[in-house]
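Working notes for the structure below.
For ligands, and for the atoms within them, numbers begin at 1 and follow the listed sequence. Being a predicted model, the structure only gives us computed values, none of them experimental. Counting from 1, the numbers follow the sequence of the chain as shown.
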Amino acid sequence: MTAPVLEARDLAKRFPVAGGFGGPKRVVHALSGVSLSVAAGETLAVVGESGCGKSTLANCLTGLMEPSGGSLLLEGADVAGILRDDPMRFRRRVQIVFQDPYASLNPRRSVGDTVADALRIHRLAPRARRRTRVAELLAEVGLAPEHLDRYPHELSGGQRQRVAIARALAVEPAVVVCDEPVSALDVSIQAQVINLLRDIQARRGVAYVFISHNLALVRHIARRIAVMYLGQVVELGDAAVLRRRMLHPYSRALFAAAPEIGRPSHDPDRPPPLSGDVPSPIDPPSGCRFHTRCPHAEARCGAEEPALRAVDDRLVRCHLAEGFSIPKEP
Ligand code: SF4
């Protein structure tokens, strides 16, 4: 694999929360030992149920939250050091596109001013050339010059997300973290925005960390997929490998529940759907965090935490992963 542009090593994020009725403070374990990376021109999708830590991961990767442990590397350099010595460099290289474009745009700034602000703050275009450069960026995301003087409330949801993408691109990032970038949009618009992101990646070689709960979409756009459960990566590998077969019982159940064109609804290999609630990240289950919901759990699973390890061309966090592999041809 090519050298990563952004890499998380053993990342942890813990939040102290008040204990009930004056009890001692408790800790939410939002991320525990998360290691993953993304290379130039690649899309790494991060998927999981709500509460699995996806958005906390997005915030840590983009410097919006400080990790409690582990490290982040940007183009091989320690992010903590970059943020201390040259935070603007980090902000330029790593951008984020949020789920709700309306909330992420300033309603009192025109489209032109919003994108121009990024150029001005990072000193990327002299004042005389700024409007022309903004028009070029808007054209790149499929907006016309007349959108320059419009305000967010005058745009559709899809147009607002295009403005947010143009603002992110203005600073020529190496990585864009896309946090559920189309889930607030009409289905008919989602495909347009996804195709736009793909075109931009083909042209610019930008890396995407694509946070999503839309598994059908993830299958379509990701080169690699990381599945998260209760703050941990439980399976990580090439999308093509995972599309053939997932090994972790959680990822198998999660993806089995997602519609897939051409897959019969009575597929005998389809794992049972997920049952039970996601346990609290304040007091995650001992051993394998999935053991309270796993149909294959055995005594060892509740006592011993499985490591993320290589099995069948991917990383998987399950004691019994080999048992879920496709049987080898005799
Ligand atoms: Fe299920 Fe055990 Fe594997 Fe955890 S380690 S996913 S409980 S089989």
Side-chain angles (χ1 to χ4, degrees), residues 8-14 27-36 44-54 56-57 69-70 211-216 218-219 222 224-258 260 263 267-328:
R9 289 187 184 165
D10 212 17
L11 210 63
K13 181 64 188 173
R14 297 178 285 274
V27 175
V28 174
H29 299 267
L31 296 177
S32 303
V34 171
S35 296
L36 44 75
L44 168 74
V46 179
V47 300
E49 292 166 291
S50 84
C52 72
K54 304 186 298 281
T56 303
L57 177 64
I211 311 273
S212 181
H213 69 277
N214 185 335
L215 304 173
V218 157
R219 276 197 189 102
R224 288 187 307 130
I225 298 174
V227 181
M228 288 188 68
Y229 183 76
L230 259 187
Q232 295 182 321
V233 172
V234 295
E235 189 154 6
L236 170 61
D238 267 24
V241 170
L242 299 197
R243 226 178 271 130
R244 278 200 299 279
R245 191 177 185 88
M246 297 220 157
L247 294 188
H248 195 283
Y250 174 68
S251 13
R252 284 168 59 73
L254 192 68
F255 277 80
E260 193 177 353
R263 183 172 188 173
D267 184 349
D269 192 37
R270 188 184 283 266
L274 280 166
S275 60
D277 295 330
V278 182
S280 165
I282 291 182
D283 196 8
S286 60
C288 171
R289 291 189 177 185
F290 188 53
H291 86 264
T292 54
R293 300 171 79 195
C294 180
H296 308 281
E298 45 187 55
R300 177 187 178 193
C301 301
E304 200 181 308
E305 182 170 359
L308 192 66
R309 63 200 174 91
V311 181
D312 278 1
D313 301 331
R314 87 284 310 275
L315 298 173
V316 60
R317 192 185 287 277
C318 171
H319 294 309
L320 310 182
E322 286 80 356
F324 305 123
S325 306
I326 302 172
K328 299 270 184 296

Exercise. Would you check if the distance from the ring center of H248 to the ring center of Y229 is below 6.0 Å?
Key: no

Quiz prompt | Candidate list L315, V47, I225, L242, test side-chain contact (heavy atoms from CB on, under 4.5 Å), partner E235, passing option | solution = L242

Practice problem: With Y250 as reference, evaluate R289, E49, R317 under the side-chain hydrogen bond (donor to acceptor under 3.5 Å, both in side chains) test and give the passing residue. | Solution: E49

Practice problem: Run the numbers for me: atoms of ligand 1, each under 4.0 Å from some heavy atom of H248, listed by number. | Solution: 6 (S)

Quiz item: Is it the side chain (CB and beyond), the backbone, both or neither of R317 that lies under 4.0 Å from ligand 1, heavy atoms counted?
Solution: neither

Self-check item: Closest non-hydrogen atom pair between L236 and R314, with its separation
Solution: O-CB, 3.4 Å

Practice problem: Tell me which protein heavy atom sits closest to atom 4 (Fe) of ligand 1, plus the residue, atom name and distance to 0.1 Å. | Solution: C288 SG, 2.3 Å

Quiz item: Looking at atom 4 (Fe) of ligand 1, is one of the N, O or S atoms of H319 less than 2.8 Å from it?
Solution: no

Self-check item: Contacting atoms of ligand 1, where contact means under 4.0 angstrom from a heavy atom of L320
Solution: 8 (S)

Self-check item: Heavy-atom nearest neighbour in the protein, as seen from atom 1 (Fe) of ligand 1, with distance rounded to 0.1 Å
Solution: C294 SG, 2.4 Å

Exercise. Verify, without hydrogens or angle tests, whether K54 (side chain) and G48 (backbone) share a donor-acceptor contact under 3.5 angstrom.
Key: yes

Quiz prompt | N/O/S from H291 sitting under 2.8 Å away from atom 3 (Fe) of ligand 1 | solution = no

Quiz item: Roughly how far, to the nearest 0.5 Å, is CG of L320 from CD of E298?
Solution: 4.5 Å

Quiz item: Do any of the N/O/S atoms of C301, backbone or side chain, fall under 2.8 Å from atom 2 (Fe) of ligand 1?
Solution: yes

Exercise. Could you find the nearest protein heavy atom to atom 3 (Fe) of ligand 1 and give me its residue, atom name and distance?
Key: C318 SG, 2.3 Å

Quiz item: Which heavy atom of M228 sits nearest a heavy atom of L31, and at what distance?
Solution: CE-CD2, 3.7 Å

